[in-house]
Amino acid sequence: MTNLFLHADINNCFASIFRIFNPELNGVPIVVLSNNDGSIIARSQEAKDLGIKMGQPYFEARPIIEKNQVRVFSSNYPLFHDLSTRFHDTLGMFSPHQEIYSIDEGFLDIGGFYNVDLKQYGQKVKETVYKWLGLPICVGIAPTKTLAKLANRIAKKSKKAQGVLVLKEPAHIEAALKTISVGDVWGIGRKYAEKLQAFGVTTAWELSQVNDAFAKKHLTVVGLRIVKELRGVPCADLEIEPPAKKGICTSRSFGQPVTSLEELREAVTAYTTRCASKLRKQKSNCLQITVFIHTNRHKENEEQLYNCKTIQLPVPTNSTLELVHYAMIGVAAIYRPGYKFKKAGVIIDDIRPAQAVQGNIFDRIDRGKHLELMNTIDLLSKKMGSGIVKVASEGINHNWKMKQDYGTPCYTTRMEDILIVR
DNA sequence: TCTGGGGTCCTAGGACCC
DNA sequence: TCTGGGGTCCTAGGACCC
């Protein structure tokens with residue numbers, strides 16, 4: 001059986017999603033901002049052509065944006081997530097062996113396909129996603145995941161490929177690798193690219209030709225796998241069942257500086273609530289919680305503080321109430337008056353399956369009651385929107401909430417959001 | 001005025017044990 | 001000045017991803 005992987009991803013994902021609902025945005029430059037409208041996290045092709053950079057601070061790009069009448073949008077994760085689910089569902093129609101790699105990328109294992117014209121097959125995937133969702137995608141097909149991603153990359157740039165590239169024959173693969181610079185290989189970041197260039201390895205082809213000991217020594221075993229995959233030797237299977245998370249983190253920058261403990265308590269309560277809900281969703285408990293707060297590191301003339309506190313829990317739990325209790329102890333321990341805090345976050349760690357809780361004779365909490373309450377809250381949140389039930393310490397004013405000046409409706413999901421925006 | 005958020009894996013080195 | 005050998009576990013830090 002031959003090894004064959006298909007990699008599909010949405011072109012300029014977040015910008016393309018806004019275009020589905022606003023056809024007048026077609027052909028117009030678009031940027032999408034990070035949480036808090038801080039920096040640019042997605043651009044349409046037109047915006048890329050203007051020289052607007054990924055990750056660039058919004059205020060810095062503002063002159064170009066205004067001069068060229070670039071359309072600006074805040075992130076809308078409920079909307080992105082919904083379209084992402086539809087995209088992956090559509091891909092899943094093409095093979096039972098599917099990996100949901102990220103919000104806008106997926107792999108299919110098509111190794112068992114015989115007598116199939118692969119180019120045509122890739123085209124069919126691409127056309128189907130466009131027809132059903134209105135989202136433009138590209139497709140790469142190759143004997144390893146690394147090569148499939150690379151094929152996709154070439155498909156995006158090449159006119160001839162029409163958005164679909166199959167890399168199968170060795171000569172064809174070699175020619176393709178020679179056109180890709182080493183830093184554009186999946187898994188080779190900035191540091192490794194610099195290191196490799198210093199050794200005279202500048203293209204993906206040259207990387208595929210280094211010896212194994214060299215790869216292991218300078219890029220660890222992870223790099224060795226990349227090198228082998230570039231040679232067409234698969235080292236990674238699909239991850240069909242997403243593994244349970246080992247750590248869960250919720251953190252946000254504030255829309256304006258926060259100075260009071262009371263407001264920090266509210267924010268940390270909200271973040272802990274979110275962590276606990278993610279934890280219950282994957283049916284896990286945790287044994288450790290960390291709270292952190294810090295000031296704005298970009299303001300060099302202001303007093304800086306980065307403070308965190310980790311607390312070990314007596315018994316594994318996923319109860320919002322219990323976790324919030326410890327988070328409040330944590331935030332009180334690290335708070336210092338006189339600082340302008342910019343960000344806070346909560347990390348839960350030491351995660352294990354929710355069954356098999358090891359009891360503790362000093363445990364005073366009625367776990368049966370907590371469990372029932374959490375189940376009820378999760379059900380209400382699912383039916384009526386998260387936030388329908390809150391822990392009191394979350395407060396209601398939320399002056400710390402992130403800034404989102406360029407919001408859009410959640411077109412496909414919650415009615416009440418549409419009403420609020422109007 | 002204004003700079004995102006959430007993850008993974010690997011390695012080296014220290015603490016500790018027999 | 002000499003100061004074993006082998007093992008495990010944990011953590012911090014570095015690299016990467018979208």
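Given the structure is predicted, the values throughout are model-derived calculations rather than measurements. Lettering of chains follows the sequences in order, A, B, ..., and the numbering in each one begins at 1.
Across all strands shown, Lys195(A) has no heavy atoms under 4.0 Å from either base or sugar-phosphate atoms. Using a 4.0 Å heavy-atom criterion, one finds that Ile248(A) contacts the sugar-phosphate atoms exclusively. Using a 4.0 Å heavy-atom distance criterion, Arg62(A) is classed as making no nucleic acid contact. Gly345(A) comes within contact range of no nucleotide atom at all, as no heavy-atom separation falls under 4.0 Å. Contacts of Ser75(A) with the nucleic acid, taken as non-hydrogen atoms under 4.0 Å apart, are absent. Arg190(A) comes within contact range of the sugar-phosphate backbone alone, with a heavy-atom separation under 4.0 Å but no base atom that close.
Side-chain contact, Ser102(A) with Asp104(A): a donor N or O sits under 3.5 Å from an acceptor N or O. Between the side chains of Arg225(A) and Thr146(A), no donor-acceptor pair is found at a separation under 3.5 Å. Using modelled atom types and a 3.5 Å distance limit, the side chains of Asp82(A) and Thr412(A) yield a donor-acceptor pair.
The nearest whole Å value for the distance from the OH atom in Tyr58(A) to the C1' atom in dT3(B) is 14 Å. Across the protein-nucleic acid pair, Ile100(A) atom CD1 and dG7(B) atom P stand 16 Å apart, rounded to whole Å. Taking atom NZ on Lys245(A) and atom P on dT8(B), their separation rounds to 6 Å, with Å as the unit. Look at NE2 on His7(A): it is 11 Å from C1' on dC17(C), rounded to the nearest Å. Atoms CG (Asn301(A)) and P (dC2(B)) sit 10 Å apart, rounded to a whole Å. Here dC17(C) presents its P atom at 13 Å from CG of Leu150(A), a figure rounded to the nearest Å. Put simply, CD1 on Ile226(A) is 9 Å from P on dC16(C), counting in whole angstrom units. dC17(C) atom C1' lies 8 Å from atom NZ of Lys149(A), rounded to whole Å.
For DNA chain C, runs of at least 3 consecutive pairs of the Watson-Crick or G-U wobble type, with both hydrogen-bonding distances under 3.5 angstrom, map to B:5-18 with C:5-18.
Within 6.0 Å of the NE2 atom in His81(A), the count of heavy atoms belonging to other residues, nucleotides or ligands does not exceed 12. Atom NZ of Lys278(A) has more than 12 neighbouring heavy atoms from other residues, nucleotides or ligands inside a 6.0 Å radius.
Minimum heavy-atom separation, Ala8(A) to Val139(A): CB-CG2, 4.4 Å. Contact detail for Tyr335(A) and Ile293(A): the closest heavy-atom pair is CA-CD1, 4.0 Å.
Out of dG4(B), dA15(C), dT3(B), the shortest distance to the side chain of Tyr192(A) is found at dA15(C). Taking every side-chain heavy atom of Tyr101(A) into account, dC17(C) is the closest of dG6(B), dC16(C), dC17(C). When distances are taken from the side chain of Phe59(A) to each of dC18(C), dG6(B), dC2(B), the shortest belongs to dC2(B). For Lys299(A), whose side chain is taken as the heavy atoms from C-beta onward, the closest listed nucleotide among dC18(C), dG5(B), dT1(B) is dT1(B).
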Quick one: side chains of residues 187-196 of chain A, donor-acceptor pairs under 3.5 Å with protein atoms, not counting sequence neighbours, listed by atom name and distance.
| unit_1 | atom_1 | unit_2 | atom_2 | d |
| --- | --- | --- | --- | --- |
| Lys195(A) | NZ | His218(A) | O | 3.2 |

Only pairs under 3.5 Å count here: list side-chain donor-acceptor contacts from residues 48-59 of chain A, not counting sequence neighbours, and write none if there are none.
| unit_1 | atom_1 | unit_2 | atom_2 | d |
| --- | --- | --- | --- | --- |
| Lys48(A) | NZ | Asn12(A) | OD1 | 2.7 |
| Asp49(A) | OD1 | Gln45(A) | NE2 | 2.9 |
| Lys53(A) | NZ | Gly51(A) | O | 3.4 |
| Gln56(A) | OE1 | Lys53(A) | N | 3.0 |
| Tyr58(A) | OH | Tyr406(A) | OH | 3.0 |

Tabulate below the donor-acceptor pairs under 3.5 Å that side-chain atoms of residues 123-134 of chain A make, not counting sequence neighbours, or state none.
| unit_1 | atom_1 | unit_2 | atom_2 | d |
| --- | --- | --- | --- | --- |
| Lys126(A) | NZ | Gln162(A) | O | 3.4 |
| Thr128(A) | OG1 | Lys124(A) | O | 2.6 |

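Under a 3.5 Å cut-off, the side chain of Glu105(A) and the backbone N or O of Asp9(A) do not form any donor-acceptor pair.
Residues of residues 33-54 of chain A having a heavy atom closer than 4.0 Å to DNA chain B, listed by number: Ser34(A), Asn35(A), Gly38(A).
Distances shorter than 4.0 Å separate some side-chain N or O of Lys278(A) from OP1 or OP2 on dG7(B). For Ser251(A) and dG6(B), the shortest distance from a side-chain N or O to OP1 or OP2 is below 4.0 Å. Between dG5(B) and Lys343(A), a contact under 4.0 Å exists linking OP1 or OP2 to a side-chain N or O.
Between Lys382(A) and Asp378(A) there is no salt bridge, since no side-chain N of the basic residue sits under 4.0 Å from a carboxylate O of the acidic one.
Ile40(A) pairs with exactly one of Ile65(A), Val70(A), Val32(A) by the side chain to side chain contact (heavy atoms under 4.5 Å, CB included) rule, that one being Ile65(A).
Taking for each of Glu60(A) and Cys249(A) the nucleotide of DNA chain B with the nearest heavy atom, the 5'-most of the two is the partner of Glu60(A).
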Polar atoms only, N or O, under 3.5 Å: list the protein pairs with nucleotides 9-12 of chain B and their distances.
| unit_1 | atom_1 | unit_2 | atom_2 | d |
| --- | --- | --- | --- | --- |
| dC9(B) | OP2 | Lys246(A) | NZ | 2.9 |
| dC10(B) | OP1 | Arg225(A) | NH2 | 3.3 |

